[in-house]
Number of protein chains: 2
Amino acid sequence: MKTINIGLLGCGTVGTGVVRLLLTNEVKHTQYAQAKMDVKRILVSDSAKKRDPVIRPELLTTNPDDILEDPSIDIVVEVMGGTGLAREYILRALRAGKNVVTANKDLMAQEGEELFREAARYDVDLLFEASVAGGIPIIGPLKNSLAGNRITKVMGIINGTTNFILTKMYEDGSEFEDVLKLSQELGYAETDPTADIEGWDAGRKIAILASIAFNTRVTFKDVYMEGITRISSLDIEYAKKLNCTIKLVGRASERDGQVEARVHPVLLSLSHPLAKVDGVYNAVYVEGDAVGDVMFQGPGAGEMPTASAVVGDILSVARNEIKGVTPRENCSCYDRKEILTIDRTVDKYFIRMTVVDRPGVLSQISGVFGQKDVSIDSLIQTKHSEGSAELALITDDVIDANLRSALDEIQHLEPVMAVSSVIRVEKDS
Amino acid sequence: MKTINIGLLGCGTVGTGVVRLLLTNEVKHTQYAQAKMDVKRILVSDSAKKRDPVIRPELLTTNPDDILEDPSIDIVVEVMGGTGLAREYILRALRAGKNVVTANKDLMAQEGEELFREAARYDVDLLFEASVAGGIPIIGPLKNSLAGNRITKVMGIINGTTNFILTKMYEDGSEFEDVLKLSQELGYAETDPTADIEGWDAGRKIAILASIAFNTRVTFKDVYMEGITRISSLDIEYAKKLNCTIKLVGRASERDGQVEARVHPVLLSLSHPLAKVDGVYNAVYVEGDAVGDVMFQGPGAGEMPTASAVVGDILSVARNEIKGVTPRENCSCYDRKEILTIDRTVDKYFIRMTVVDRPGVLSQISGVFGQKDVSIDSLIQTKHSEGSAELALITDDVIDANLRSALDEIQHLEPVMAVSSVIRVEKDS
């Protein structure tokens with residue numbers, strides 16, 4: 001029986017999980033791939049560091065050449081993260097005719113095109129299921145089982161930290177800052193939580209998903225991003241009144257050959273399947289012209305869930321290698337579709353503002369909206385308190401640029417004290 | 001560019017959908033497979049029948065040889081259903097070196113072993129994603145993305161008719177017979193609903209899922225089945241009190257090399273992801289040792305969702321054919337695991353009975369339970385009304401045979417008027 005030799009770049013949480021899983025389920029993997037998976041070498045930056053006993057010290061090396069220049073290595077598994085060295089090593093691996101499995105969303109969202117070009121040139125596989133939504137199978141199903149469909153929309157809760165925060169705010173009525181602090185204490189949020197709470201992490205993942213769903217290159221810089229730092233308990237109270245919740249979603253859609261990709265909070269009807277995805281869970285909801293809507297849900301991060309995705313890819317590559325058909329899947333960005341900038345996108349919005357409580361203010365505001373082609377679907381509430389009033393309204397479908405321009409003007413109206421919230425409303429699925 | 005010639009066996013709802021989808025998304029499919037998909041011939045029983053205009057009459061034939069003996073046909077797509085002619089035609093196709101894509105759950109759940117053996121012998125692909133849960137990708141993800149895991153449990157709402165009925169009963173408090181009638185009027189239930197409401201349809205699907213999940217052959221006759229005909233509005237009332245719903249699930253699990261596969265109603269905690277899957281939707285929940293739990297949700301039937309799964313398989317086969325690597329996936333039943341008969345399975349049960357309302361009855365009943373090693377977790381309620389009392393209780397984990405034996409005896413106790421409900425309780429996930 002053939003042995004598939006694996007070189008691991010990086011040995012943090014995910015790398016350790018990969019080694020553990022390959023050992024635990026060795027018998028099954030061997031049956032599946034008709035080959036033995038063998039982790040031959042592991043690149044680390046510090047070989048003296050104390051590690052999980054599952055990592056055999058004699059496999060460790062600090063020299064990347066021990067993997068990249070070893071002709072017996074069939075698959076390079078990159079789980080070191082980052083875009084600098086990781087990119088360099090992956091390129092070297094591909095050019096040495098080695099298949100690559102990576103969990104690196106930053107890299108795939110930014111440099112996918114270059115990596116795929118080299119993989120195609122050197123006839124090797126480049127798989128990356130673990131780069132989006134941890135253990136949830138989503139890239140595989142989009143590329144295979146759902147390949148018959150024209151995908152029209154992909155929308156996901158693809159960041160566990162922000163979903164934990166928003167779920168907690170929804171359940172307890174607490175404020176963002178307090179829940180963020182709690183999440184940091186619990187280890188769900190990093191010391192520097194910026195990438196999560198500003199939507200950058202989700203932005204990388206939706207770029208990857210959009211590229212696959214719409215068969216056109218969408219990179220991180222094409223994604224509009226808005227985080228959750230301005231969501232308040234009051235917004236969530238309003239959401240509840242409207243039978244909605246507030247979720248941070250990555251959302252990509254295609255219409256008439258134009259693609260949008262964005263990350264922002266949405267008011268989401270409680271009847272939407274994504275509304276029920278709580279805590280650190282992730283889920284990706286997909287609309288296709290034939291299938292209608294399907295949803296994939298599960299743990300979006302963690303040592304073993306992410307290892308599950310990496311090992312699934314390793315086994316696929318192994319099977320292809322045994323059959324001599326790498327690359328089985330090439331890059332699926334066959335098309336070049338226009339990417340819509342955010343100012344041209346169309347949405348309904350929830351808007352909340354504080355105004356001086358006197359007659360005529362509402363008509364002044366709706367006057368500005370009217371001039372800018374922003375029509376109001378419903379005025380939800382006017383709450384009066386000591387000279388000021390809170391207006392909460394929902395717009396019809398409006399063009400982003402029109403809304404921004406109207407709000408710019410409204411903010412400067414003398415009786416308007418503050419525009420506190422501007423949150424998109426997800427249309428019915 | 002190569003053309004992949006397709007012969008379609010059957011042209012009902014699904015067959016028509018397949019032709020429609022292949023036409024609608026032809027450009028995408030050609031890019032994906034690097035080949036043109038062409039439906040060359042369609043086998044029907046009545047070529048004069050009026051059909052959807054998407055079906056070109058000149059493609060129709062009533063002679064199976066026009067497909068099975070045409071050497072230019074690369075893929076035979078079987079969407080005629082049944083186990084007689086369908087089996088014969090598929091075997092002939094495989095033996096003629098043709099790849100086969102089928103949506104036939106009856107056949108795959110009964111004759112999978114024979115069909116796979118022939119596919120392996122003749123080096124062709126045999127794919128069947130559409131046989132379980134319509135458009136939801138589940139067989140592909142289990143075989144590929146999740147292949148690194150040892151799967152411990154697969155549990156699904158995999159019959160839309162019964163889920164519609166139970167959802168309606170839960171929402172409206174109505175009785176089974178009334179909702180069944182409504183479902184028949186709405187076209188969600190067949191004139192003869194037996195296969196759905198007795199759990200046979202779900203039984204076929206869970207046999208297929210169990211075979212894939214546990215890498216051992218599980219056939220329809222290995223599945224224990226219990227339908228929903230005896231679920232009453234009163235059972236659902238109790239479920240609500242316990243923060244549960246009642247769902248018909250297909251459920252397969254493995255422990256210590258022993259596999260169980262069954263279909264029956266369960267009291268399911270509202271916090272379980274499957275509890276929120278309502279109406280005609282399907283969902284499959286999977287537990288793996290690495291991934292934890294993932295769930296796949298979507299439309300479990302219908303022309304276009306099912307066509308989505310069939311066309312996904314067609315495209316996979318086409319890609320394999322172009323690369324010359326059929327069969328890429330062989331049968332994955334590498335092992336021969338013991339299948340546990342239902343009498344040896346262990347569950348918690350909800351039991352409801354009517355007894356004569358007098359002192360000592362409860363102790364008489366619990367005496368029998370005790371003798372038979374059935375311990376009571378909690379007595380939920382004793383409702384008294386005109387000389388009789390209703391007892392509702394939940395057992396601890398008990399062996400099925402012990403419970404049956406206890407209930408046999410209890411039913412014959414003089415003060416016991418009726419044992420109305422015996423429903424399994426799904427343990428926490």
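Nothing here was measured: the structure is a model prediction, and the numbers come from that model. Residue numbers start from 1 in every chain, and the chains themselves are labelled A, B, ... in the order their sequence lines are given, proteins ahead of strands.
Pairing each heavy atom of A/V291 with each of B/S308, the nearest pair is CB-OG, 3.7 Å. Heavy atoms only, all atoms of each residue included: B/P273 and A/Q297 are closest at CB-NE2, 4.1 Å.
At a threshold of 4.5 Å between non-hydrogen side-chain atoms, the residues B/D293 and A/Y281 count as touching.
The distance from atom OG of A/S145 to atom CG of B/L315, rounded to the nearest 0.5 Å, is 11.0 Å. Between the CG atom in A/N25 and the CG atom in B/D289 there is a gap of 4.5 Å [rounded to 0.5 Å]. For the atom pair CE (A/M304) and CG (B/N149), the distance works out to 8.0 Å, reported to the nearest 0.5 Å.
Dense packing is recorded around CD of B/E338, with more than 12 heavy atoms of other residues, nucleotides or ligands lying under 6.0 Å away. Counting heavy atoms of neighbouring residues, nucleotides and ligands inside a 6.0 Å radius, atom CZ of A/R117 exceeds 12 of them. At most 12 heavy atoms of other shown residues, nucleotides or ligands fall within 6.0 angstrom of atom NZ in A/K168.
The candidate from B/A283, B/G312, B/P305 with the greatest count of non-hydrogen atom pairs under 4.5 Å with chain A is B/P305. For the options A/H29, A/E303, A/E129, A/M37, heavy-atom pairs under 4.5 Å to chain B are most numerous at A/H29. Across B/G288, B/P299, B/A290, the residue that shares the most heavy-atom pairs under 4.5 angstrom with chain A is B/A290. Residue with the most contacts toward chain A among B/G298, B/G324, B/A147, B/S316: B/A147 (heavy-atom pairs, distance under 4.5 Å). Ranking A/V311, A/V277, A/V294 against chain B, the residue ahead of the rest is A/V294, based on heavy-atom pairs under 4.5 Å.
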- Item | Intermediate values then yes/no, side chain to side chain contact (heavy atoms under 4.5 Å, CB included), B/T24 and A/R150 | CA-CA 9 Å; B/T24 312; A/R150 194 172 64 76; over 6 Å; no
- Message: Applying side chain to side chain contact (heavy atoms under 4.5 Å, CB included) to A/K28 and B/N215, what does each step give before you reach the verdict?
- Response: CA-CA 9 Å; A/K28 178 176 176 181; B/N215 305 114; 3.4 Å; yes
- Task: Let me see the working for B/I136 and A/F296 under side chain to side chain contact (heavy atoms under 4.5 Å, CB included), right down to the final yes or no.
- Result: CA-CA 9 Å; B/I136 308 173; A/F296 305 78; 5.9 Å; no
- Item | CA sep, side-chain torsions, deciding dist, call: A/N320, B/R328, side chain to side chain contact (heavy atoms under 4.5 Å, CB included) | CA-CA 8 Å; A/N320 295 340; B/R328 179 164 189 273; 2.7 Å; yes
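Both the backbone and the side chain of A/E329 come within less than 4.5 Å of a heavy atom in chain B. Both the backbone and the side chain of A/Q31 have a heavy atom closer than 4.5 Å to some heavy atom of chain B. Contact annotation for B/D313: neither backbone nor side-chain heavy atoms come within less than 4.5 Å of a heavy atom of chain A. Heavy atoms closer than 4.5 Å to chain A are found nowhere in B/A307, neither backbone nor side chain. Both the backbone and the side chain of A/N144 come within contact range of chain B, with heavy atoms under 4.5 Å apart.
Checking side-chain atoms of B/Y32 against main-chain N and O of A/G148 turns up no donor-acceptor pair under 3.5 Å. Using a distance-only test at 3.5 Å, with no hydrogens or angles considered, a donor-acceptor pair links the side chain of A/K323 to the main chain of B/P327.
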